[in-house]
Undergrad: 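Take a look at this one; I'll ask things after.
In this chain, residues are counted from 1 in sequence order. All values below were derived from every heavy atom in this structure, side-chain atoms included, with hydrogens, water molecules and symmetry-related copies excluded. As the structure lists them, so they are numbered: ligands from 1, and atoms in each ligand from 1.
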Amino acid sequence: MCGIVGYIGHREAFPIVIKGLQRLEYRGYDSAGVAIYDGSKINLSKTKGKVEDLKNKAKEISQAGTLGIGHTRWATHGVPNDVNSHPHYSNSGDLVIIHNGIIENYESIKKALINRGYSFKSDTDTEVLVNLIEEVQKTEGVKLGKAVQIALNQVVGAYAIAVFDKKKPDEIVVAKLGSPLAIGVGENEFFIASDASPFIEFTNNAVYLEDEEMAIIRLGKEIKLRKIKNDAIAYPNILELQMNLEEIEKGGYDHFMLKEIYEQPRAIMDTYRGRLLADQGIIRMAGIDENIEKFTNANRIIIVACGTSWHAGLVAEYIFEDLARIPVEVEYASEFRYRNPIITDKDVLIAISQSGETADTLAAIKLAKEKGAFVFGVCNVVGSSIARESNAGAYTHAGPEIGVASTKAFTTQITVLTLIALKLAKEKGEFSSSKFHEYLTELETIPSKVEKSLQSNALVETVAEVYKDSANCLYLGRGYNFPVALEGALKLKEISYIHAEGYPAAEMKHGPIALIDEQMPVIVIATKKGHYEKVVSNIQEIKSRKGKIIAIVTEGDVQVKELADHVIEIPETLESLTPLLTTIPLQLLSYHIAVMRNCNVDQPRNLAKSVTVE
Ligand code: AGP
């Protein structure tokens with residue numbers, strides 16, 4: 001995710017753009033830039049770092065002008081540095097663009113433009129897009145708006161863009177597909193932004209572009225709205241916003257954590273976008289493709305991580321061994337790095353980290369590399385220390401995760417690891433083409449099934465009300481959902497401060513069952529796939545000791561409904577994909593209990609978002 005801001009009107013653009021970027025930093029904060037048209041030329045400044053760094057660097061340029069655009073970046077293509085920051089010029093220097101999204105087919109477009117004499121300074125897909133627009137302008141002899149429309153009909157991906165031409169500085173052209181874009185409509189002035197927070201103090205009137213819509217914004221004129229595909233006229237629906245600033249940064253949610261829980265359908269889709277090509281029956285992952293022998297010839301895969309990322313690693317262990325038949329060991333990075341582990345050059349080490357800065361995980365990677373292992377990083381922050389230290393990797397495209405409690409990082413990590421396991425299973429001949437295709441098409445349904453699982457939110461809130469004052473809580477799961485039980489317990493512990501433990505359901509009889517009484521709520525993951533009958537027996541053991549049972553079941557379940565005190569349903573899916581759905585009600589349960597206990601949900605006591613200390 002990135003943040004985009006634009007202004008055209010009667011005020012000085014620079015302060016509006018900069019302040020707007022500061023309000024959008026929650027969307028991305030690894031680099032930032034601004035471009036202002038001063039009446040004769042475009043003055044552009046951009047830098048790796050935060051908007052505050054940009055403010056300091058931009059002192060070098062003239063900040064005068066009433067037309068400007070700005071961008072705060074969450075890198076997806078090209079590491080965070082000055083040259084990859086937005087805005088980007090076209091080769092002529094006449095056009096300048098900002099972009100939030102991913103152009104999937106940018107490489108083929110870039111090759112074609114290079115063959116036509118274009119050169120590129122950055123590694124970004126965005127610089128390709130602005131030069132494609134310029135090329136269309138030249139070859140078709142059309143104005144900016146038409147050139148943008150023609151160009152966007154040639155790209156595949158997601159975008160929210162703003163672009164202007166210094167030859168025609170009385171307009172800005174915007175377009176949207178998959179990423180948000182709002183137009184603030186003022187008195188003889190217009191604002192553009194990823195959400196309304198940059199302009200809410202100037203106007204409450206906003207137009208939210210729909211997917212595949214574009215607009216030509218000209219001073220003194222009505223917004224000219226068009227459908228990108230066929231140039232059909234669209235009519236702007238001007239909304240009068242009632243929100244306040246604080247709410248808008250959270251997208252209308254009370255907390256970043258809840259916002260990020262609800263972002264998971266999009267985050268999972270963005271993570272497999274361009275990689276999962278079900279209709280072609282392929283999974284495309286450059287980091288794996290270029291090192292496939294390392295994986296298929298590996299003695300084993302060692303997974304190192306901490307916290308929630310470690311739980312994602314445990315899910316991966318089940319997936320890799322069950323589907324790809326590759327031995328896997330999952331290690332706490334903090335233990336692995338100190339226990340003098342046996343590592344050889346026949347080992348592949350997968351490091352999982354949302355922040356990409358966790359000290360113990362970074363240290364574990366360095367140790368493994370010293371001993372000859374091949375290191376593959378799964379991170380959410382492009383250009384982070386762990387990403388740079390790894391030999392290869394695959395990013396989760398979850399966008400910034402602001403809430404300290406990891407939610408969308410967990411499900412997008414599992415998505416990446418599932419893609420890798422499926423790719424290796426096919427490569428090793430463990431999967432027939434039909435079985436491979438079955439998994440690919442089912443994985444494509446997961447975002448909508450997560451959406452459906454989120455619909456249990458109101459029911460989960462009523463369950464939270466019943467158990468919010470519990471002193472302890474037990475989470476049980478089997479197979480693929482044992483790690484989900486651990487993750488659910490961690491979520492509850494870290495944001496509501498209730499002591500909770502996750503356990504393999506079968507382990508109950510080896511001790512923990514002594515804890516069961518009517519004061520002990522037990523969350524049991526009892527989906528149809530995965531030792532269902534055995535879990536039902538565990539539930540009966542708990543019930544006979546008066547334990548309170550909250551069961552996560554497959555929709556339509558009747559047997560567990562007879563036994564449990566509360567039942568929360570999730571859609572049916574393949575057993576190996578159930579963690580992507582069973583974790584949703586557990587995230588919501590911990591969230592609502594924490595809110596009811598007046599805990600600081602986004603910044604729990606004693607915690608930090610990234611543990612860069614040992
Ligand atoms: C999870 O909710 C916690 N915030 C914490 O356990 C976190 O997962 C852990 O610190 C690892 O962080 P990383 O993924 O950034 O390496």
Undergrad: Are any of the side-chain heavy atoms of L349 and F336 separated by less than 4.5 Å?
TA: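 The answer is yes, as the side chains (C-beta and beyond) meet within the 4.5 Å cut-off.
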
Undergrad: Give the residue and atom name of whichever protein heavy atom lies nearest to atom 6 (O) of ligand 1, and the separation in Å to one decimal.
TA: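 Checked against all protein heavy atoms, atom 6 (O) of ligand 1 sits closest to G307 CA, 3.2 Å.
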
Undergrad: I need the contact type for T358 against ligand 1. Using non-hydrogen atoms and a strict under-4.0 Å cut-off, is it side chain, backbone, both or neither?
TA: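 Only the side chain of T358 comes within reach of ligand 1.
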
Undergrad: As a test of understanding, state which of K491, H592, Q264 forms a side chain to side chain donor-acceptor pair (under 3.5 Å) with Q587.
TA: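 When K491, H592, Q264 are each tested with Q587, the side chain to side chain donor-acceptor pair (under 3.5 Å) holds only for Q264.
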
Undergrad: Non-hydrogen atoms of T361 versus ligand 1: any pair closer than 4.0 Å?
TA: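 No, T361 has no heavy atoms under 4.0 Å from ligand 1.
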
Undergrad: Give the residue, atom name and distance (to 0.1 Å) of the protein heavy atom nearest atom 10 (O) of ligand 1.
TA: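 I find the closest protein heavy atom is V611 CG2, 3.9 Å.
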
Undergrad: Which ligand 1 atoms, with their elements, are less than 4.0 angstrom from a heavy-atom of A405?
TA: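 Going through ligand 1 atom by atom, the ones under 4.0 Å from A405 are 2 (O).
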
Undergrad: Between V304, T407, T308, flag the one that comes closest to atom 7 (C) of ligand 1 by a heavy atom.
TA: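 Selected option, by shortest heavy-atom distance: T308.
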
Undergrad: Surrounding OH of Y503 (heavy atoms of other residues, nucleotides or ligands, distance under 6.0 Å), is the total greater than 12?
TA: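 Incorrect, the count does not exceed 12.
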
Undergrad: Return the orientation label for the Y332 and W310 ring planes: parallel under 30°, perpendicular over 60°, tilted otherwise.
TA: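 Judged by the thresholds at 30° and 60°, the geometry between Y332 and W310 is parallel.
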
Undergrad: Starting from atom 4 (N) of ligand 1, what is the nearest protein heavy atom, named by residue and atom, and what distance separates them?
TA: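 For this ligand atom, the closest protein heavy atom is V404 O, 2.7 Å.
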
Undergrad: For the CD atom on E335, are there more than 12 heavy atoms of other groups (residues, nucleotides or ligands in this structure) within a distance under 6.0 Å?
TA: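 Result for CD/E335: open.
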
Undergrad: Need the ligand 1 atom indices (1-based, order shown) with element for anything under 4.0 Å from a heavy-atom of S353.
TA: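 Heavy-atom distances to S353 below 4.0 Å select 13 (P), 14 (O), 15 (O), 16 (O).
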
Undergrad: Closest non-hydrogen protein atom to atom 15 (O) of ligand 1, residue and atom name please, with distance?
TA: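 The answer is S355 OG, 2.7 Å.
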
Undergrad: Using a 6.0 Å cut-off, check whether atom CD of Q603 has over 12 heavy atoms from anything other than its own residue.
TA: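 It does not: Q603 CD has 12 such atoms or fewer within range.
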
Undergrad: For K449, look at atom NZ and say whether over 12 heavy atoms of other residues, nucleotides or ligands are found less than 6.0 Å away.
TA: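 Atom NZ in K449 is packed in, count exceeds 12.
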
Undergrad: Counting non-hydrogen protein atoms only, what is the nearest one to atom 2 (O) of ligand 1? Give residue, atom name and distance.
TA: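 Heavy-atom neighbour on the protein nearest atom 2 (O) of ligand 1: E494 OE2, 2.4 Å.
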
Undergrad: Only heavy atoms of K491, strictly under 4.0 Å: list the atoms of ligand 1 that pass.
TA: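 Near K491, the atoms of ligand 1 are 1 (C), 2 (O).
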
Undergrad: Which residue holds the protein heavy atom closest to atom 14 (O) of ligand 1, what is that atom called, and what is the gap in Å?
TA: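 Here the closest protein heavy atom is S309 OG, 2.6 Å.
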
Undergrad: Counting only heavy atoms closer than 4.0 Å, does ligand 1 sit against the backbone of E357, its side chain, both, or neither?
TA: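 Under 4.0 Å from ligand 1, E357 contributes no heavy atoms.
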
Undergrad: Is there a polar contact between ligand 1 and Q413, counting only N or O atoms under 3.5 Å apart?
TA: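 Not met; the criterion fails.
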
Undergrad: When you measure from atom 11 (C) of ligand 1 to every protein heavy atom, which one gives the shortest distance, and what is it?
TA: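 I find the closest protein heavy atom is C306 O, 3.4 Å.
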
Undergrad: Is there a side-chain hydrogen bond (donor to acceptor under 3.5 Å, both in side chains) between E357 and S385 once you walk through the steps?
TA: CA-CA 6 Å; E357 300 299 341; S385 303; 2.5 Å; yes

Undergrad: Under a 4.0 angstrom heavy-atom cut-off, which atoms of ligand 1 come close to S406?
TA: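 Listed by number with element: 1 (C), 2 (O).
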
Undergrad: Which heavy atom of K408 sits nearest to which heavy atom of E401, and what is that distance?
TA: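 Reported closest heavy-atom pair: N-OE2, 3.2 Å.
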
Undergrad: If you take the centroid of each ring, where Trp contributes its six-membered ring, are Y318 and F482 closer together than 6.0 Å?
TA: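 No - the distance between ring centres of F482 and Y318 does not fall below the 6.0 Å cut-off.
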
